[in-house]
**Student:** 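Below is the structure I would like to discuss, written out as structure tokens.
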Amino acid sequence: MSRSALLKGLPVALAALLAQSVVAASGETLAETLLSHQKPTTTSSVENDTFGGGLAVDGDATTRWASAEGSDPQWIAVDLGGPARVSRVKLNWEAAHASAYQLQVSADGTAWTTVESVTGSDGAVDEITGLDASARYVRVLGTQRATSYGYSLWELEVHGSRTGGGDVEAPSAPSGLKATTATTDTVTLAWTPATDNVGVTGYEVLRNGNVVGTTTTAGYTDTALASGTTFTYAVRARDAAGNVSAPSAEVKASTQPGNGTGGTVFVIAGDIAKRELPSEHSKTAELVAGIKPQHVLTVGDNQYDNGTLKEFQAYYDKTWGKFKAITKPTPGNHEWYDQLKGYKSYFGPIATPQGKPYYSFDVGDFHFVALDSDPVTDGNSAEQVAWLKQDLAKNTKSCVVGYWHHPRFNSGEYGDNKSIAPLWDEMVRARADVVFGGHDHHYERIKPLNSQGRVDEANGVRSAIVGIGGDSLYTQIKPREGVEKSFAKHGVMKFVAEGRTYSWEIIGTDGKLLDKAGPYTCR
């Protein structure tokens, strides 16, 4: 068993104790600090320019280094900037991880010594502690890929103590961190300044474990945040030599609710759980937990690749499954690969509350229509369209919202889909307010469009694509007529229905507000 595997089995308190200090050859206990943050990196390769090595040491667990695909070995090395004693290395792997790799150190960046060999890694987070290695350079050498892709690290952290000349002492950890004010989209923080033997030059602010800003003063305002959401903050200090303090004690802070407090909150997303990308749908599920909605609406492809019950139980259930009791799902084409057997077995009556995989329900002044678009793409629309006509004709609510998997109008890889016209046209005839879809793995917000796909503010239907729940993203977006906003980033939609108005926010996996729409008044 590798040392990393052994340490994963230690009690948390003991593992933390081992990671706190390193004993020098003289027997002196030296304070452990983060040595690798924002230090220069070199790599054997990169997948493309957007996955450079520096993204693995930037303190942001939503950015990553990725090597070229399909070849071994590959490596990433970090220059610590001077001699140091390395006590601990933490690797936060993306789904494309190494099943076998070597941890190596060097004094000159040329001659390398292996200090740890790891086999059988299951990815996620590997933490190798108990090291006592002298080094200026540290390298992770991947020797066996766990997937058909390359190697990819969200973060590479090297911890230890400086041993060379010059300023090797890190500042003290900032103290007294507190949130002083908060609005619907900002949190203002203040803390007691850190001290240093030479002088503190600045501070790094961490939100939910990721560096989100820097400041030279003992205060910071975090902006563009999702409303009504709780975040965890910490602060660490830096000096001119690049030494970084330990983080302050964490503090939780919440933004104020948006659009008043009387609305009903929904979370909407699709294209969610995939075996190869467990960290992504785990992160979007964490967003759902933080939002605390009354309802979760899914726009299809809840579970890849075939939507079998076994797949649902192994992946979706461990993340988004926590919200199954409040979920009102729709299926996508991937659930139909199993003829909806896994989908129906997993969700039970929730999947077919009115006997079919399409249904409607009311919340306040809103009438929601959940449809099954996959048969419609195959030309089998008659039964569902007949039901939809009757349902919309009987509706007495002021606001109408539709949601299904395949969008009618789309700026992404799949483009506009004429086969969905029978569903869209009925929504136009009913003067529905908004329709949500997925299938293309990006987000876009579109002005009201008529049956011909032209902007028609008076008679058209507003729409948005929310295929950002966890599967790999599609970046080929060419905005069509009417598009107001588009991007390819993981996250969820927080939809608020209040009286006869509605609005939404798109929240990224780092808690940032990516888009904001409304409030709109229903017709």
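Given the structure is predicted, the values throughout are model-derived calculations rather than measurements. Numbering starts at 1 and runs along the sequence shown. Quick note: numbers below take in every heavy atom, side chains included, and nothing from hydrogens, waters or symmetry partners.
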**Student:** Do H281 and T319 meet the criterion of a side-chain donor-acceptor pair at a distance under 3.5 Å?
**Tutor:** yes

**Student:** Indicate yes or no: at least one non-hydrogen side-chain atom of V78 is less than 4.5 angstrom from one of V138.
**Tutor:** yes

**Student:** Just checking, any donor-acceptor pair under 3.5 angstrom between side chains of S411 and E444?
**Tutor:** yes

**Student:** Salt-bridged, K90 to D126, with N to O below 4.0 Å?
**Tutor:** no

**Student:** Go through the steps for L206 and V212 under the test side chain to side chain contact (heavy atoms under 4.5 Å, CB included), then give the verdict.
**Tutor:** CA-CA 6 Å; L206 296 86; V212 294; over 6 Å; no

**Student:** Establish, from distance only, whether the side-chain atoms of Y443 and D515 form a donor-acceptor pair under 3.5 Å.
**Tutor:** yes

**Student:** Determine whether the side chains of D374 and N333 contain a donor N or O and an acceptor N or O closer than 3.5 Å.
**Tutor:** no

**Student:** Got a donor-acceptor contact below 3.5 angstrom from the E94 side chain to the A96 backbone?
**Tutor:** yes

**Student:** Would you check if the side chain of H334 reaches a backbone N or O of G332 as a donor-acceptor pair within less than 3.5 Å?
**Tutor:** no

**Student:** Taking E335 first and then K344, would you say they form a salt bridge - that is, a charged N and a carboxylate O separated by under 4.0 Å?
**Tutor:** no

**Student:** Before giving the answer on salt bridge (charged side-chain N to carboxylate O under 4.0 Å, His left out), spell out for R64 and E155 the whole-Å C-alpha distance, their side-chain angles and the decisive distance to 0.1 Å.
**Tutor:** CA-CA 7 Å; R64 60 188 173 96; E155 284 295 302; over 6 Å; no

**Student:** State whether the side chain of T41 and the backbone N or O of G54 hold a donor-acceptor pair below 3.5 Å, judged by distance alone.
**Tutor:** yes

**Student:** Out of the candidates F266, Y520, F368, only one should pair with Y502 under the ring pair (Phe, Tyr, Trp, His ring centres under 6.0 Å) rule; please name it.
**Tutor:** Y520

**Student:** Cut-off 3.5 Å, side chains only: do D301 and H439 have a donor facing an acceptor?
**Tutor:** no

**Student:** Using only heavy-atom distances, determine whether the side chains of Q102 and S117 contain a donor-acceptor pair under 3.5 Å.
**Tutor:** no

**Student:** Salt bridge check, K274 against D471: does any charged N sit closer than 4.0 Å to a carboxylate O?
**Tutor:** yes

**Student:** For Q476, is the CD atom crowded, meaning more than 12 foreign heavy atoms sit under 6.0 Å from it?
**Tutor:** no

**Student:** Can a side-chain donor-acceptor contact be found between K252 and T232 if the only test is distance below 3.5 angstrom?
**Tutor:** yes

**Student:** CG of N410 to OG of S463: how many Å apart, nearest 0.5 Å?
**Tutor:** 9.5 Å

**Student:** Roughly how far, to the nearest 0.5 Å, is CD of E69 from OG of S152?
**Tutor:** 10.0 Å

**Student:** For the pair E426 and R429, find out whether any cationic side-chain nitrogen is under 4.0 Å from an anionic carboxylate oxygen.
**Tutor:** yes

**Student:** Between T308 and D338, is any side-chain donor less than 3.5 angstrom from a side-chain acceptor?
**Tutor:** no

**Student:** Flag the pair L423 / V385 as yes when at least one side-chain heavy-atom distance between them is below 4.5 Å, and no otherwise.
**Tutor:** yes

**Student:** Are T255 and D185 linked by a side-chain donor-acceptor pair shorter than 3.5 Å?
**Tutor:** no

**Student:** State which residue, out of V376, I420, D372, fulfils the side chain to side chain contact (heavy atoms under 4.5 Å, CB included) condition with W404.
**Tutor:** I420

**Student:** Measure the CD1-CG distance between I477 and D440 for me, rounded to the nearest 0.5 Å.
**Tutor:** 8.0 Å

**Student:** Quick test of your reading of the model: are E484 and K447 salt-bridged, counting only N-O distances below 4.0 Å?
**Tutor:** no

**Student:** Quick check: closest heavy atoms across R207 and D510, and the distance to 0.1 Å?
**Tutor:** NH1-O, 2.5 Å

**Student:** What I'd like to find out is whether the side chain of L392 reaches to under 4.5 Å of the side chain of V369, using heavy atoms alone.
**Tutor:** yes

**Student:** Determine whether the side chains of T264 and Q294 contain a donor N or O and an acceptor N or O closer than 3.5 Å.
**Tutor:** no

**Student:** Which pair of non-hydrogen atoms, one from H37 and one from D58, has the smallest distance, and what is that distance?
**Tutor:** CE1-O, 3.3 Å

**Student:** Would you check if there is a donor-acceptor pair between the side chains of D391 and H367 at a distance under 3.5 Å?
**Tutor:** yes

**Student:** Hey, does R145 have a side-chain heavy atom less than 4.5 Å from the side chain of D72?
**Tutor:** yes

**Student:** Between P73 and L141, is any pair of side-chain heavy atoms under 4.5 Å apart?
**Tutor:** yes

**Student:** Using side chain to side chain contact (heavy atoms under 4.5 Å, CB included), reason through Y233 and V187 one step at a time and then give a plain yes or no.
**Tutor:** CA-CA 10 Å; Y233 289 97; V187 169; 3.8 Å; yes

**Student:** For the pair Q74 (side chain) and G150 (backbone), establish whether a donor and an acceptor sit closer than 3.5 Å, ignoring hydrogens and angles.
**Tutor:** no

**Student:** When the ring centroid of Y315 is compared with that of Y304, is the distance short of 6.0 Å?
**Tutor:** no

**Student:** Donor-acceptor pair, distance only, cut-off 3.5 Å: does the side chain of T114 make one with the backbone of E116?
**Tutor:** no

**Student:** Apply side chain to side chain contact (heavy atoms under 4.5 Å, CB included) to the pair I506 and I468, showing each step before the final yes or no.
**Tutor:** CA-CA 10 Å; I506 302 297; I468 54 177; 3.9 Å; yes

**Student:** Does a donor on one side chain and an acceptor on the other come within less than 3.5 Å for T184 and S227?
**Tutor:** no

**Student:** Quick one, T330 with Y403, criterion side chain to side chain contact (heavy atoms under 4.5 Å, CB included). Give me CA distance, side-chain angles, the key distance, then yes/no.
**Tutor:** CA-CA 8 Å; T330 61; Y403 64 103; 3.4 Å; yes

**Student:** Got a second to check how far H405's NE2 is from T298's OG1, nearest 0.5 Å?
**Tutor:** 10.0 Å

**Student:** State, to 0.1 Å, how close N92 and A61 come at their nearest heavy-atom pair, and which atoms those are.
**Tutor:** ND2-CB, 4.1 Å

**Student:** For K512, check salt bridge (Lys or Arg N to Asp or Glu O under 4.0 Å) against everything at least two apart and list the hits.
**Tutor:** D222

**Student:** Any Lys/Arg nitrogen of D416 or R408 sitting under 4.0 Å from an Asp/Glu carboxylate oxygen of the other?
**Tutor:** no

**Student:** Hydrogens and angles aside, do R88 and T129 bring a side-chain donor and acceptor to less than 3.5 Å of each other?
**Tutor:** no

**Student:** Do the ring centers of Y316 and F347 come within less than 6.0 Å of each other?
**Tutor:** yes

**Student:** Do side-chain atoms of R480 reach the backbone of G453 as a donor and acceptor pair under 3.5 angstrom?
**Tutor:** yes

**Student:** I need the minimum non-hydrogen distance between V89 and L156, along with the two atoms involved.
**Tutor:** CG1-CD1, 4.0 Å

**Student:** Can you tell me if T284 and W320 form a side-chain donor-acceptor pair at under 3.5 Å?
**Tutor:** yes

**Student:** For a ring pair (Phe, Tyr, Trp, His ring centres under 6.0 Å) with W93, tell me which candidate from Y149, W154, Y101 qualifies.
**Tutor:** Y101

**Student:** Looking at K341, I'd like to know if its NZ atom is crowded, meaning that more than 12 non-hydrogen atoms belonging to other residues, nucleotides or ligands lie closer than 6.0 Å.
**Tutor:** no

**Student:** Are the side chain of T143 and the backbone N or O of A100 linked by a donor-acceptor pair below 3.5 Å?
**Tutor:** yes

**Student:** Could you verify whether a donor N or O on one side chain and an acceptor N or O on the other, from T50 and N48, lie under 3.5 Å apart?
**Tutor:** yes

**Student:** Can you confirm if the aromatic rings of F312 and Y346 lie within a centre distance of less than 6.0 Å?
**Tutor:** yes

**Student:** Does W65 have its ring centroid less than 6.0 Å away from the ring centroid of Y151?
**Tutor:** no

**Student:** Counting neighbours of NZ on K489 that are heavy atoms of other residues, nucleotides or ligands and sit closer than 6.0 Å, is the number greater than 12?
**Tutor:** no

**Student:** Look up atom CG in L371 and atom OG in S381, then write down how far apart they are to the nearest 0.5 Å.
**Tutor:** 11.5 Å

**Student:** Answer with yes or no after comparing the ring centroid distance for Y359 and W387 against a 6.0 Å cut-off, counting only values under it.
**Tutor:** no

